[in-house]
Amino acid sequence: MKNTLSRGLTNLLPMVLSLWLFWSLFISLDGLGHLLLDIVDLENSFVGAGFILVAVLVFISGLLFSFSPFAWLYGWVEQQLMKFPLFKSVYGSIRDIAGLMKRDGKPKNQKTVLIKQANGGYVVGFIMNQTAPQPLTEALPEGDWVPVLFQLSYQMAGVTSLVKREDLIEVDWSFEDAMRFNLTAGISAKSITAVHDKKPLKKSVEENQTETTDAK
């Protein structure tokens with residue numbers, strides 16, 4: 001009985017919650033669209049008309065951003081608003097998160113890496129950019145430093161550290177699957193069964209020891 005209930009819960013709960021979240025988003029956007037239709041005194045006789053209007057407006061905005069004059073104007077307005085500290089903090093964070101979701105076929109800077117700990121274990125991290133900000137590189141010792149994110153399990157929070165590139169072991173593992181692995185503390189079955197051949201950026205300790213022994 002207990003196992004049957006657990007099986008039903010683990011299978012239905014993700015689907016129910018996902019559908020509920022998407023339905024809530026649909027209702028919110030549909031309500032926004034209906035509000036816009038009411039402003040211009042247009043009839044909206046069916047559920048979803050507001051959502052369609054919002055989708056069309058988003059599509060049109062995407063077309064407008066492909067034109068340089070509109071993109072320049074938007075950039076200028078953005079620069080003026082960014083002069084306000086509070087707006088800069090909130091808007092900057094949302095913009096950066098939205099940028100992570102953008103998929104346009106271009107190579108992504110985010111890469112999955114392993115970093116060895118003092119106890120001999122390894123931590124999964126993510127290279128978020130190929131270069132560190134100039135003020136930080138000037139303050140750090142000489143070396144090729146990169147920002148690496150260590151995502152905490154079951155949290156949206158993480159810790160960003162600056163690590164030398166030579167101390168990283170690059171992993172052939174997609175950013176999405178590796179992030180899922182970190183967020184679920186390795187419970188995600190898809191993450192565990194993913195193929196992730198390592199591509200070391202430096203030689204392993206065992207290889208160095210072998211080469212030293214052969215040289216002797």
Side-chain angles (χ1 to χ4, degrees), residues 4-110 112 126 128-129 149 151-158 160 173-185 187-191 194:
T4 303
L5 290 175
S6 298
R7 192 181 305 114
L9 183 63
T10 54
N11 283 280
L12 288 179
L13 186 60
M15 178 65 70
V16 172
L17 288 179
S18 298
L19 292 176
W20 176 76
L21 288 173
F22 279 103
W23 177 254
S24 299
L25 178 62
F26 171 80
I27 293 298
S28 299
L29 294 178
D30 187 51
L32 176 62
H34 280 299
L35 179 62
L36 296 176
L37 291 174
D38 291 338
I39 292 177
V40 295
D41 293 330
L42 291 178
E43 295 184 0
N44 43 88
S45 56
F46 63 95
V47 176
F51 179 83
I52 294 175
L53 175 62
V54 172
V56 170
L57 291 177
V58 172
F59 179 77
I60 293 175
S61 68
L63 292 177
L64 290 176
F65 278 110
S66 62
F67 296 99
S68 297
F70 183 83
W72 176 87
L73 178 62
Y74 182 85
W76 180 84
V77 173
E78 182 183 52
Q79 289 180 356
Q80 304 308 310
L81 293 175
M82 292 287 277
K83 294 179 180 179
F84 298 94
L86 181 59
F87 180 86
K88 181 178 180 180
S89 300
V90 176
Y91 174 76
S93 301
I94 298 176
R95 182 186 59 184
D96 293 341
I97 294 175
L100 288 176
M101 298 185 294
K102 184 179 180 181
R103 300 296 177 190
D104 52 9
K106 297 180 181 179
K108 297 296 179 294
N109 291 326
Q110 294 81 23
T112 306
F126 306 96
M128 304 307 293
N129 206 316
L149 171 67
Q151 182 65 44
L152 301 179
S153 300
Y154 296 101
Q155 298 185 44
M156 293 302 294
T160 302
W173 199 8
S174 70
F175 178 81
E176 291 78 8
D177 288 343
M179 179 64 76
R180 186 182 301 110
F181 174 85
N182 267 15
L183 287 173
T184 61
I187 295 178
S188 174
K190 183 178 180 180
S191 298

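Bear in mind the structure is a predicted one, so any value in this text is a computation, not a measurement. Numbers here simply count residues along the sequence, with the first being 1.
Residue pairs meeting the side chain to side chain donor-acceptor pair (under 3.5 Å) criterion with at least one member in residues 54-70, sequence neighbours excluded, do not occur. Evaluation of the salt bridge (Lys or Arg N to Asp or Glu O under 4.0 Å) test over residues 69-82, restricted to residues two or more places apart or in two chains, returns E78-R95. Here side chain to side chain donor-acceptor pair (under 3.5 Å) pairs that include residues 16-33, with residues two or more places apart or in two chains, are D30-H34. Applying the salt bridge (Lys or Arg N to Asp or Glu O under 4.0 Å) definition to pairs two or more places apart or across chains, none involves residues 15-27. Applying the side chain to side chain donor-acceptor pair (under 3.5 Å) test to residues at least two apart or on different chains, the pairs with a partner in residues 79-89 are Q80-K83.
Residues passing the side-chain contact (heavy atoms from CB on, under 4.5 Å) test with I60, sequence neighbours excluded: V56, L64. L17 meets the side-chain contact (heavy atoms from CB on, under 4.5 Å) test with L13; sequence neighbours excluded. Residues satisfying the side-chain contact (heavy atoms from CB on, under 4.5 Å) test with L25, not counting sequence neighbours, are L29. Here F84 pairs with F87 under the side-chain contact (heavy atoms from CB on, under 4.5 Å) rule; sequence neighbours left out. Evaluation of the side-chain hydrogen bond (donor to acceptor under 3.5 Å, both in side chains) rule for T160 yields no partner, not counting sequence neighbours.
Of all heavy-atom pairs spanning F126 and A178, the tightest one is CE2-CB, 3.4 Å. Scanning both residues, L36 and L57, for their nearest heavy atoms gives CD1-CD1, 3.8 Å. Shown here for P14 and L9, the closest heavy-atom pair between the two residues is CD-O, 4.0 Å.
For the atom pair T112 OG1 and L149 CG, the distance stands at 10.5 Å (nearest 0.5 Å). Between the CG atom in L37 and the CG atom in L53 there is a gap of 5.0 Å [rounded to 0.5 Å].
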Exercise for the section: Go through the steps to decide whether D177 and R180 satisfy the test side chain to side chain contact (heavy atoms under 4.5 Å, CB included), and finish with yes or no. Expected result: CA-CA 5 Å; D177 288 343; R180 186 182 301 110; 2.7 Å; yes
Practice task
Applying side chain to side chain contact (heavy atoms under 4.5 Å, CB included), run through F70 and L63 and close with a yes or a no.
Solution key: CA-CA 10 Å; F70 183 83; L63 292 177; over 6 Å; no
Practice task
Go through the steps to decide whether N11 and M15 satisfy the test side chain to side chain contact (heavy atoms under 4.5 Å, CB included), and finish with yes or no.
Solution key: CA-CA 7 Å; N11 283 280; M15 178 65 70; over 6 Å; no
